[in-house]
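Below: one structure, written as structure tokens.
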Amino acid sequence: MNLAVTLSCGQCFRFSQDQDGYWNGIAGIKGSEHRLHTRQCDQRALEDDPFWHHYFSFDRDYEAIESDLRGRFEILDKAMDAVGQIRILSQDPWETLGSFILSQNNNIKRIRGMVERLCRGSGFPSAEEIVQCKDFLCTIGLGFRDKYLYCGAASIAQGKLDLKALSTMSTEEARKALMTIYGVGPKVADCTLLYGLGRYEVCPMDVWMKRVMEAWFNGESPSILGPYAGVAQQYLFHYARMIDLK
DNA sequence: CCCCAGGGCAGGT
DNA sequence: ACCTGCCATGGG
């Protein structure tokens, strides 16, 4: 795993590197959050920790996944060579959903700031907490997204959507269920499925990935990327941003 | 001043 | 089913 790329490729928003080379940040919901303080060379400790083992998806067979992605497309091989191994993180589903509700029509730098203000130095607020602190939401510069986040939180808190139940559904069913939330469309649902529910076949299509498919795949559908299209997407997304694909 | 950003909704055709 | 304007806000 390349720790730096994994934590800075746009699937999570709460980690940054300090001057000593350590990666710091918080994962999980307030009350059960975990604080990270680690370096690339300390990867073994992450693998041995129960929480981070799952968070960095050491419980999945990345050898098989990478081998499936190799040799399909020249540009994908090139991206994987240039980027280093990315792990798709296994994030808390509500943290993922809430964060990506804030991501719409926005840039990663500003998303990071918004999520940080929302979390106030601790774990990501639970849906219940967000419903209770409605007025606070309007004071932290979320723009038009504050009402979407509130509605999402309300749906969870009222039990209209049971995120736990999504794991027993087919990907299509889970996607439909997520999109019943006001403010959650295909892109936000897909990010939740990939980064929060481990559905590696799901390929979120943002403005960058639309450019990628147009420029490098002759406008084809992302399904040609195969059963791990979501993993491929992460390499292509990051590589396109690296070389500033227009 | 302009345009863009890990989109989605509402309204029209 | 597809198209367009609009939504707040900060950075380039």
Side-chain angles (χ1 to χ4, degrees), chain A residues 5-16 25 79 83 86-118 124 130 134-156 160-161 175-217 219 221-222 225 229-246:
Chain A
V5 179
T6 296
L7 292 178
S8 61
C9 66
Q11 54 176 329
C12 56
F13 303 102
R14 302 206 61 198
F15 299 97
S16 54
V83 165
I86 297 179
R87 294 295 177 91
I88 300 297
L89 298 172
S90 305
Q91 304 182 65
D92 177 88
W94 166 241
E95 179 177 13
T96 313
L97 177 59
S99 298
F100 278 93
I101 284 175
L102 299 181
S103 78
Q104 54 184 275
N105 198 30
N106 207 347
N107 59 72
I108 291 180
K109 184 179 171 68
R110 189 166 159 241
I111 299 166
R112 292 170 59 87
M114 287 174 12
V115 173
E116 224 40 61
R117 291 194 292 281
L118 179 65
F124 196 86
I130 287 178
K134 188 178 183 181
D135 47 347
F136 166 69
L137 277 189
C138 307
T139 68
I140 54 175
L142 305 183
F144 61 87
R145 305 162 193 83
D146 51 7
K147 59 182 179 294
Y148 293 154
L149 184 60
Y150 179 83
C151 287
S155 296
I156 305 298
K160 287 183 181 174
L161 178 63
R175 191 172 195 251
K176 268 190 196 170
L178 284 165
M179 287 176 59
T180 60
I181 295 176
Y182 178 71
V184 176
K187 165 64 169 56
V188 173
D190 285 351
C191 286
T192 306
L193 290 169
L194 180 59
Y195 308 128
L197 291 159
R199 305 296 173 107
Y200 283 8
E201 75 275 25
V202 173
C203 181
M205 292 294 285
D206 73 313
V207 291
W208 286 95
M209 274 309 289
K210 285 172 186 167
R211 280 180 214 157
V212 164
M213 296 312 294
E214 200 56 45
W216 296 339
F217 295 89
S221 152
L225 297 171
V231 185
Q233 171 269 152
Q234 202 59 52
Y235 283 107
L236 295 165
F237 171 79
H238 192 261
Y239 187 61
R241 286 166 52 85
M242 259 175 69
I243 66 170
D244 198 22
L245 176 68
K246 291 298 182 192

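Across the protein-nucleic acid pair, A:Tyr182 atom OH and B:dC9 atom C1' stand 6 Å apart, rounded to whole Å. Here the C1' atom of nucleotide B:dA5 and the CE atom of A:Met114 are 11 Å apart, to the nearest Å. We find that NZ of A:Lys147 is positioned 11 Å from P of C:dT9, with the value rounded to whole Å. Counting to the nearest Å, the C1' atom of B:dA5 and the CH2 atom of A:Trp208 are 10 Å from each other. Rounded to an integer number of Å, the gap from CD1 of A:Ile108 to P of B:dC4 is 18 Å. Rounded to an integer number of Å, the gap from CG of A:Asp244 to C1' of B:dA5 is 13 Å. For the pair A:Arg112 CZ and C:dG11 P, the computed distance is 14 Å after rounding to whole Å. One can place CG of A:Leu118 at 18 Å from P of C:dA8, the figure rounded to the nearest angstrom.
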Only pairs under 3.5 Å count here: list side-chain donor-acceptor contacts from residues 87-94 of chain A, not counting sequence neighbours, and write none if there are none.
residue	atom	partner	partner atom	Å
A:Arg87	NE	A:Gln85	OE1	2.8
A:Arg87	NH1	A:Phe56	O	3.2
A:Arg87	NH1	A:Ser57	O	3.4
A:Arg87	NH2	A:Gln85	OE1	3.3
A:Ser90	OG	A:His54	O	3.2
A:Ser90	OG	A:Ser57	OG	2.9
A:Gln91	NE2	A:Gln11	O	2.7
A:Asp92	OD2	A:Trp94	N	2.9
A:Asp92	OD2	A:Glu95	N	3.0
A:Trp94	NE1	A:Pro125	O	3.0

Acceptor/donor pairs from residues 229-239 of chain A side chains to any protein atom, 3.5 angstrom cut, sequence neighbours excluded:
residue	atom	partner	partner atom	Å
A:Gln233	NE2	A:Gly230	O	2.9
A:Gln234	OE1	A:Tyr195	OH	2.6
A:Gln234	NE2	A:Cys9	O	2.9
A:Tyr235	OH	A:Glu66	OE2	2.6
A:Tyr235	OH	A:Ile86	N	3.0

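Here A:Cys138 lies out of heavy-atom contact (under 4.0 Å) with every strand. Residue A:Phe13 is classed as having no contact, given no heavy-atom separation below 4.0 Å to the nucleic acid. Residue A:Gly183 is in sugar-phosphate contact alone, with no base atom involved, counting any heavy-atom pair closer than 4.0 Å across all strands shown.
Closest non-hydrogen pair, A:Gly25 versus A:Phe15, comes out as CA-CD2, 3.4 Å.
The partner of C:dG11 is B:dC3, judged by Watson-Crick or G-U wobble contacts that both fall below 3.5 Å.
Nearest nucleotide to the A:Lys109 side chain, out of C:dG11, B:dG8, B:dA5: C:dG11. Comparing C:dT9, C:dC7, B:dG6 against the side chain of A:Phe237 picks out B:dG6 as the nearest. Listed nucleotides B:dG6, C:dT9, B:dG7 differ in distance to A:Gln104; the shortest reach to its side chain belongs to B:dG7. Distance from the side chain of A:Met209 is smallest for B:dG6 among the nucleotides B:dG6, C:dC7, B:dC9.
OP1 or OP2 of B:dA5 has not a single side-chain nitrogen or oxygen of A:Arg241 nearer than 4.0 Å.
Taking a centre distance below 5.5 Å and an interplanar angle below 30 degrees as the stacking criterion, A:Phe100 does not stack against the six-membered base ring of B:dG6.
Under the 4.5 Å side-chain criterion, counting only non-hydrogen atoms from C-beta, A:Leu149 is not in contact with A:Asp146.
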Chi angles and distances behind the side-chain contact (heavy atoms from CB on, under 4.5 Å) call for A:Cys12, A:Leu7: CA-CA 7 Å; A:Cys12 56; A:Leu7 292 178; 4.2 Å; yes
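Here the separation of C:dT4 from B:dC4, taken at their P atoms, is 15 Å to the nearest Å. Straight-line distance between the P atoms of B:dC3 and C:dG5: roughly 13 Å, to the nearest whole Å. To the nearest whole angstrom, the two C1' atoms, one in B:dC9 and one in C:dG10, are 23 Å apart. With P as the reference atom, B:dC2 and C:dC6 are 14 Å apart, rounded to whole Å.
For the pair A:Arg145 and A:Val188, nearest-nucleotide mapping onto DNA chain B gives the more 5' position to A:Arg145.
Ring-centre distance between A:Tyr182 and A:Tyr150: not below the 6.0 Å cut-off.
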